[in-house]
Amino acid sequence: MCVNLGRILHESYEILALLGQGGFARTYTAAQINKPNNPMCVVKEIPFPPSNDLRVLSTARKRFEREASALRRLGKNSCIPELFDRFEENDHFYLVQEYVQGHPLSQELAVGDRWNEQNTVALLREVLEILKSVHQENIIHRDITPANLIRRETDRQIVLIDFGAVKEISTFTANSTGEIFTSQAIGTSGYMPAEQYNPRSTPQPYNDIYAVGIIAIQALTGRRPTNLPQDPETGEIVWDYLTSEPVSDRLKNILTKMVRFHFQERYQSVDEVLQEFDLRSVEGPDLSKTSRRLRSRFRWLLLGFAGLGAALAIVLLIPRISPPIPRISPQPTVAVPPADGVSSGEKLLVQTSALWSKQRGINEFADSNYPEALKQLKQSWREDRRDPETLIYINNALLKAINAEYYTIAIVVPIRRNQDGSILNANLAEELLRGIAQAQTEVNLSLLTANDNNNDFPGQGFLEPKALKGKGLRVIIADDGNIKSYAVKRANYLVAQPDILAVIGHYTSDMTVETVDIYDRNKLLAISPGSTTEELTRKPRKYFFRTAPTTSIEAEALVNQLISVGEKKVAVFYNPNSPFSASLWEEFKKQFEAKGGATFRLSNYYDLSKNNFNAEAAIKEVEKAGKTALLVIPDGQVTSSLENAIDMIKANNDRNWIVGPWTLYEPRTLEVAKQLKSVEKLGISVFWHPLISFDKKFPQNAEKLWGGPVNTRSALTYDATRTLIKALEMQPEPSREGMQKTLAEPNFKAEGATGIIEFDSNTGNRKNPYKGLVHIVPCAREQFGVTFVPIEFPTAAAAGLKCE
């Protein structure tokens, strides 16, 4: 509700004008009509949370009172507005604060205007001193921007306004389990660090330190934060070459550390930043020539007089006078702190489930209370049996709770996110995690005894316990987000953990091509369940293997299908920048033309990854070419090409034959097929299907475990895990190098859902993989009224499915 101008609030404040409006609150100027001369004030209006749950409103009231009390204390600082009043009215909370006459700093930071170093440092120190007093009250601002820094007219001092914690109140919500939480991240894009986009993350001082550093960089470069370039490898902001004049190493080093991508690498408190300024201002950014001469002249004395003491002194001086040491890929023996996007049970990565029992289990896991974590996570499993992250954490908590010995492996999965950090699509990640979780559970079931209080452990009674030399299997999950810079960070972190013996991943060819050399250099075996590009065959790596076939195998199945139905001409639609998509097109073109076919691409319509891709227009252009089949190759959900490919199927409406890779083996493809009269001219390559599973028990057990079927991705990840388990069994003392040597042995074999798993020791490619196609047939009992079956079965009935 927008308050009308002239309205009287709380019988005391007459609204004069709207001062500001955001997604969470409105701010007005008002006159204090009960005071002499009606002095001006600022009224902030925060709506009640949009929930009918009385517990949510009760929590919001408590938070409002707490934050108002904090603002009252902070108002004693002359650089923070004083709080005059707080009240409720008409389903809104209101705060009444001191009006600061002045202008926002954003007016001084015009685009293109670049400050000098002296003025920037003065601003930094002034804002940091204010922030120091804020953090001393255990309050994190969370929305420090130029608009929220006011240059006071009377004394030209900076005043900090508009604390984010107050606005958070309007975002409270509750789930069915009674958990009350914040539903949206608080902050402003560009000034928020990556971790702040998670609305459930706990605010920390380093969040605000990042924002202040960004403002200083904005001042020096004249660029808005969203226009600052980033290093695609590391995610770090690259800015120092954009200044009007060179910036001293002193300031550059400080700002770089303030805005590091990973919060662990930033300053952890304002005091640390201020101390760094004080230390560096005493020393200066460079040593004078005189100082250098003196140090050289007396170096012999220092070294001869007290070698150990001098060495210690030099070590202490290095961080102050040396430029930053270039970052290198860490070796396996390097200890590094826990990373964002990596968890064995202490963090919630797949945030699609809002079960309070799961969050409680994760909290207990993080506190090392493993028996209670196990109890809560099993409760969460009973409430949501489709969640593979929960099952992995249950397994890991069990190992800790019973003090079992175990081997550790990791899996890297892509959790696709929106720009604000919220999850866009976790289906890929969950499909991959189901495969490894099922194999992990089979191993850890072998550790249970009749005396354990784990008769409710998932999988008991139908999964066959598969002992692993009397030890358990621990799994670490890492999320690469299908973003190259994230994938590189995850790889660098994983290779630095000496207890990790192998990694399953990455899923997409794009991410694997980006990271494969990191694993190879650090001698950590990576086995991919999804990367099929031939790019990885052309330059083999000793420590890379894959359970998925290569694109040449996949192309063969697609070519044979089109030849069998009499198609001689094919138009391609693909992502030319994707290693997988481009590789499959190259292999298809070579094989199809070798069999007398013709291939072409439309000059303006072939790139599926374009945001403005127009499926209807593309189909119209295809029709101009006469009788033509379509090859549609979306990437592994790195771009929007999958959505565009599915739009192609819809726009084609079964007029032309369409073939495509296993990336189209998706519920969304079935959802579109349901809307069409027929989908007889569609073939999708697959490497496994429940009806043709090599291991007949796998799909049956999977359906019992997960309460529904699994797909090719789960089967290939299960096989990758079974492969690593077999390698662990074959070594007297498993090691990283031992894992590689075992898989590369000519006689190595493992059995999985998709068949016998063997590798070409020269390339790491899988030998003799299954290759086939599925098509879509009607089946009333399925979710969308249609389902995928192997193409050799013309109907669901022929495939043995009961659809009535």
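When all heavy atoms of Ser170 and Ile46 are compared, the pair lying nearest together is CB-CG2, 3.9 Å. Contact detail for Leu74 and Ser133: the closest heavy-atom pair is CD2-O, 4.0 Å. Leu160 and Pro81 get closest at one heavy-atom pair: O-CD, 3.2 Å. Considering all non-hydrogen atoms of both residues, Ser380 and Thr390 come closest at OG-OG1, 3.9 Å. Of all the heavy atoms in Val270 and Leu128, the pair that sits closest is CG1-O, 3.3 Å. The two residues Ala437 and Pro388 make their nearest non-hydrogen contact at CB-O, 4.1 Å.
Side-chain rings of Phe64 and His92 stay apart, their centers remaining 6.0 Å or farther from each other. Taking the centre of each ring, Tyr486 and Phe261 come in below the 6.0 Å mark. Between Phe93 and Phe48, the gap from one ring centroid to the other is short of 6.0 Å.
Remark: side-chain polar atoms of Thr515 are not paired, donor with acceptor, to backbone N or O of Ile518 under 3.5 angstrom. Formation of a donor-acceptor pair under 3.5 Å by the Asn253 side chain with backbone atoms of Asp249 is found in this model. At least one donor-acceptor pair under 3.5 Å links the side chain of Asn148 to the backbone N or O of Asp143. In this structure, Asp480 contributes its side chain and Asn482 its backbone to a donor-acceptor pair below 3.5 Å. Side-chain atoms of Thr120 come within 3.5 Å of backbone N or O of Asn116 as a donor-acceptor pair. Judged by distance alone, the side chain of Glu117 and the main-chain N or O of Ser248 form a donor-acceptor pair under 3.5 Å. For the pair Asp499 (side chain) and Thr408 (backbone), a donor-acceptor distance under 3.5 Å is absent. In this structure, the side chain of Arg490 engages the main chain of Asp479 through a donor-acceptor pair within 3.5 Å. No donor-acceptor distance shorter than 3.5 angstrom exists from the side chain of Arg260 to the backbone of Arg266, with no hydrogens or angles considered. Side-chain atoms of Ser343 come within 3.5 Å of backbone N or O of Glu346 as a donor-acceptor pair.
With a 4.5 Å cut-off on side-chain heavy atoms, Leu433 and Val413 count as touching. Contact check for Leu374 versus Ile394: side-chain heavy atoms found under the 4.5 Å cut-off. No side-chain heavy atom of Val503 sits under 4.5 Å from any side-chain heavy atom of Ile411. For the pair Gln196 and Arg142, the minimum side-chain heavy-atom distance is below 4.5 Å. Between Leu255 and Val259, the closest side-chain pair of non-hydrogen atoms is not below 4.5 Å. When side chains are defined from C-beta on, Lys484 counts as touching Met511, because their heavy atoms get closer than 4.5 Å. In this structure, Ile409 and Ile436 have side chains that are in contact, with non-hydrogen atoms separated by less than 4.5 Å. Side-chain contact between Val488 and Glu514 is present, with heavy atoms from C-beta onward closer than 4.5 Å.
Counting heavy atoms of neighbouring residues, nucleotides and ligands inside a 6.0 Å radius, atom CZ of Arg86 does not exceed 12 of them.
In this structure, a donor-acceptor pair under 3.5 Å is absent between the side chains of Glu272 and Gln268. A donor and an acceptor atom, one from each side chain of His262 and Tyr493, are nowhere located under 3.5 Å apart.
Classification of the Tyr94-Phe87 ring pair by plane angle, with boundaries at 30° and 60°, yields parallel.
We find that Asp271 and Lys132 are joined by a salt bridge, their nearest charged nitrogen and carboxylate oxygen being less than 4.0 Å apart. Using a cutoff of 4.0 Å between basic side-chain nitrogens and carboxylate oxygens, Arg72 and Glu82 are not scored as salt-bridged. Ion pairing between a basic and an acidic side chain is recognised when a charged N comes within 4.0 Å of a carboxylate O; Asp162 and Lys44 show such pairing. Between Arg250 and Glu276 there is no salt bridge, since no side-chain nitrogen of the basic residue lies less than 4.0 Å from a carboxylate oxygen of the acidic one.
Put simply, CG on Leu251 and CD on Gln118 are 12.0 Å apart, with the number rounded to the nearest 0.5 Å. Within the model, atoms NZ of Lys347 and CD1 of Ile477 stand 12.0 Å from one another, a figure rounded to the nearest 0.5 Å. Taken to the nearest 0.5 Å, the CD atom of Glu389 stands 7.0 Å off from the CD1 atom of Ile415. Atom-to-atom distance recorded for Leu494:CG and Leu524:CG is 7.5 Å, nearest 0.5 angstrom. Going from atom SG of Cys79 over to atom CD of Glu129 covers 10.0 Å, rounded to the nearest 0.5 Å. For the atom pair CD1 of Ile80 and CD1 of Ile161, the computed distance is 11.5 Å after rounding to the nearest 0.5 Å.
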Note to self: Tyr370 vs Leu399, test: side-chain contact (heavy atoms from CB on, under 4.5 Å). Steps then yes/no.
What the structure shows: CA-CA 9 Å; Tyr370 300 114; Leu399 297 174; over 6 Å; no
Next item on the list: Kindly determine whether Glu88 and Arg61 satisfy salt bridge (charged side-chain N to carboxylate O under 4.0 Å, His left out), including the steps that lead there.
Entry: CA-CA 9 Å; Glu88 292 181 30; Arg61 282 198 172 102; 2.8 Å; yes
Next item on the list: Tell me, with the steps shown, if Val350 and Glu430 meet side-chain contact (heavy atoms from CB on, under 4.5 Å).
Entry: CA-CA 8 Å; Val350 187; Glu430 290 184 321; 3.6 Å; yes
Item checked: Tyr206/Glu195 under side chain to side chain donor-acceptor pair (under 3.5 Å): CA gap, chis, key distance, verdict -> CA-CA 10 Å; Tyr206 47 68; Glu195 72 276 0; 5.7 Å; no
Margin query: Walk me through whether Thr508 and Gln637 qualify under side-chain contact (heavy atoms from CB on, under 4.5 Å).
Written below: CA-CA 8 Å; Thr508 62; Gln637 300 189 33; over 6 Å; no
Checklist line | Residue pair Lys358, Glu383: steps toward the salt bridge (charged side-chain N to carboxylate O under 4.0 Å, His left out) verdict | finding: CA-CA 10 Å; Lys358 180 177 180 180; Glu383 296 170 12; over 6 Å; no
Checklist line | From CA spacing to verdict: side-chain contact (heavy atoms from CB on, under 4.5 Å), Arg55, Phe172 | finding: CA-CA 10 Å; Arg55 296 169 300 172; Phe172 283 174; over 6 Å; no
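Residue pairs meeting the salt bridge (charged side-chain N to carboxylate O under 4.0 Å, His left out) criterion with at least one member in residues 201-225, sequence neighbours excluded, do not occur.
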